[in-house]
**Student:** 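Provided herewith is a single structure, encoded as structure tokens, for subsequent inquiry.
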2 protein chains.
Amino acid sequence: MQTEEKKYSPPGRIKIMNALSELMREKDFHSITTAEIAATAGVTEGLIYKYFKDKRDLLYQVLNGHFQTFHDHIVSKIQARKSSIEKLSVIIRTSMKSYAANRVFAKILLLEVRNSPNYFESDAYDMVKIYSRTILDIINQGMEAGEIRRDISAHALRQVILGSIEHACLGEVIFGKELDTDQVSEHICNIIFTGAKK
Amino acid sequence: MQTEEKKYSPPGRIKIMNALSELMREKDFHSITTAEIAATAGVTEGLIYKYFKDKRDLLYQVLNGHFQTFHDHIVSKIQARKSSIEKLSVIIRTSMKSYAANRVFAKILLLEVRNSPNYFESDAYDMVKIYSRTILDIINQGMEAGEIRRDISAHALRQVILGSIEHACLGEVIFGKELDTDQVSEHICNIIFTGAKK
DNA sequence: TAGATAAGTAAGTATTACTCACCAAGGTAA
DNA sequence: TTACCTTGGTGAGTAATACTTACTTATCTA
């Protein structure tokens, strides 16, 4: 029953995860205390450590939940598209939209987890690797299909895509700035695919 | 004497800042204790709070020091270059080189500070704004000079440049992977300036 | 209906960031 | 010289907070 054990979660677990998500809307992870989490969840502090190894593990599992739906959404969006350029464009636009729509998710992913080595052992990071792999595969397909230049590095292109998405969302995530995702993603695609040089 | 007051630093202050830099090579900021910092600095814990508002303020000031030399280096490197494309290329290459050469600096800048709102009030962040502004100015000059397309967003181009640099260095910073900065920066410039589409 | 297992509690404990009152050594002015 | 002020540094605390552990209550099933 290994596969199913993650599906059902006791109410306390859910409440704790929701509580952290809630609190992360206003505060950064470090200034949220376990007492606070327990209080907003309506459970006792000890219960947190029944379901999570430590406070950071809770964070990773919250991220994992968010990333799961994020990734499903991305996959469903690119399915219809045929060309690789189209697919990558959709990934850029959809990712930015998701980050903008779910700021807590973006905040955790972009600002809160990467500073700790344990994150890279977590289930959440496994999801990120899959997402990242998907992009690389599309790039390679695009090269084989003759849509994308073969003389550039596929890895570098992925870095450019991922970096652009993330950096473009930083202002929004950190300062709560409004972000016109359609317009900005359009601009970014334009630069990445057709180049900035005149 | 406001301008000079920063120049002279008592030995204890220097030792503390060096100690944190030292410790950050092996550990992430959160798992470094103030006791540890004081011990490696050879001073007492209380002295930290004589020179720094709190543990994070110490981190910001360490970053500020690193960023100062980083920025000076960048400025000196682009001075000789005439075209904007050249200047931006140099910025990309030099930034990546600096991040790779000084991993602690990169680690602090990319992973450790952005999660806390106070950072954005710090002197270190003021330096980042200047660096960021420099890039935007170069882009605008390039547009006026007819080197860079006018129909793309200057801000978006900056995001792409900064995001690409940072994301390309993440693997190196986090996992200590080797990174051929010359080659990777070359690839990135190629993509950004001439486009990925065939 | 017994008994195992899972969900949840309550009261700790050790660690750690931070404070505060104090000491020592120049430098300056009377 | 002496008095005193500023600056660099100390060391013993303190409150807060992440985490533990022994316990209770509910649920399920044989």
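Just so we're on the same page: letters track the sequence lines, and every chain starts at 1.
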**Student:** Counting heavy atoms from C-beta on, name the nucleotide in D:dG9, C:dA7, C:dA17 closest to the side chain of B:T33.
**Tutor:** C:dA17
**Student:** What is the distance, rounded to the nearest whole Å, between atom OH of B:Y49 and atom P of C:dA21?
**Tutor:** 18 Å
**Student:** Give the rounded distance in Å between these two atoms: CG of B:L47 and P of C:dC23.
**Tutor:** 18 Å
**Student:** Indicate yes or no: does A:R93 engage A:E186 in a salt bridge with an N to O separation below 4.0 Å.
**Tutor:** no
**Student:** Specify the separation, in whole Å, of atom CZ of B:R13 and atom C1' of D:dG8.
**Tutor:** 13 Å
**Student:** Tell me: CD1 of A:I37 to C1' of D:dT17, nearest whole Å?
**Tutor:** 11 Å
**Student:** Using a heavy-atom cut-off of 4.0 Å across all strands, would you classify B:Y51 as base, sugar-phosphate, or nothing?
**Tutor:** sugar-phosphate
**Student:** State yes or no: are the ring centers of B:Y131 and B:F67 separated by less than 6.0 Å?
**Tutor:** yes
**Student:** Please classify the nucleic acid contact of B:G46 as base, sugar-phosphate, or nothing, using heavy-atom distances under 4.0 Å.
**Tutor:** base
**Student:** Before accepting this row, confirm whether a basic side-chain N of the pair A:K107/A:E26 lies closer than 4.0 Å to the acidic partner's carboxylate O.
**Tutor:** no
**Student:** If you pin B:K53 and A:V43 to their nearest nucleotides in DNA chain C, which one's is more 5'?
**Tutor:** A:V43
**Student:** To the nearest Å, how far apart are B:L59 CG and C:dA17 P?
**Tutor:** 13 Å
**Student:** Between the base of D:dG11 and the side chain of B:T44, is one N or O donor paired with an acceptor at under 3.5 angstrom?
**Tutor:** yes
**Student:** Specify the closest pair of heavy atoms between A:R103 and A:K177, including all atoms of both residues, with the distance to one decimal.
**Tutor:** NH2-O, 4.4 Å
**Student:** May I ask you to verify whether the side chain of B:K50 and the base of D:dG8 hold a donor-acceptor pair under 3.5 Å?
**Tutor:** no
**Student:** Centroid separation under 6.0 Å, is that true for the rings of B:F175 and A:F120?
**Tutor:** yes
**Student:** Kindly point out which of D:dG8, C:dA17, D:dC19 is positioned nearest to the side chain of B:K55?
**Tutor:** C:dA17
**Student:** Starting at CD1 of A:I48 and ending at P of C:dA10, how long is that distance when rounded to a whole Å?
**Tutor:** 14 Å
**Student:** Measure the distance from CD1 on B:I32 to P on C:dT16 and round it to the nearest whole Å.
**Tutor:** 12 Å
**Student:** Starting from P on C:dT15, measure out to CG on A:D54 and report it in whole angstrom.
**Tutor:** 17 Å
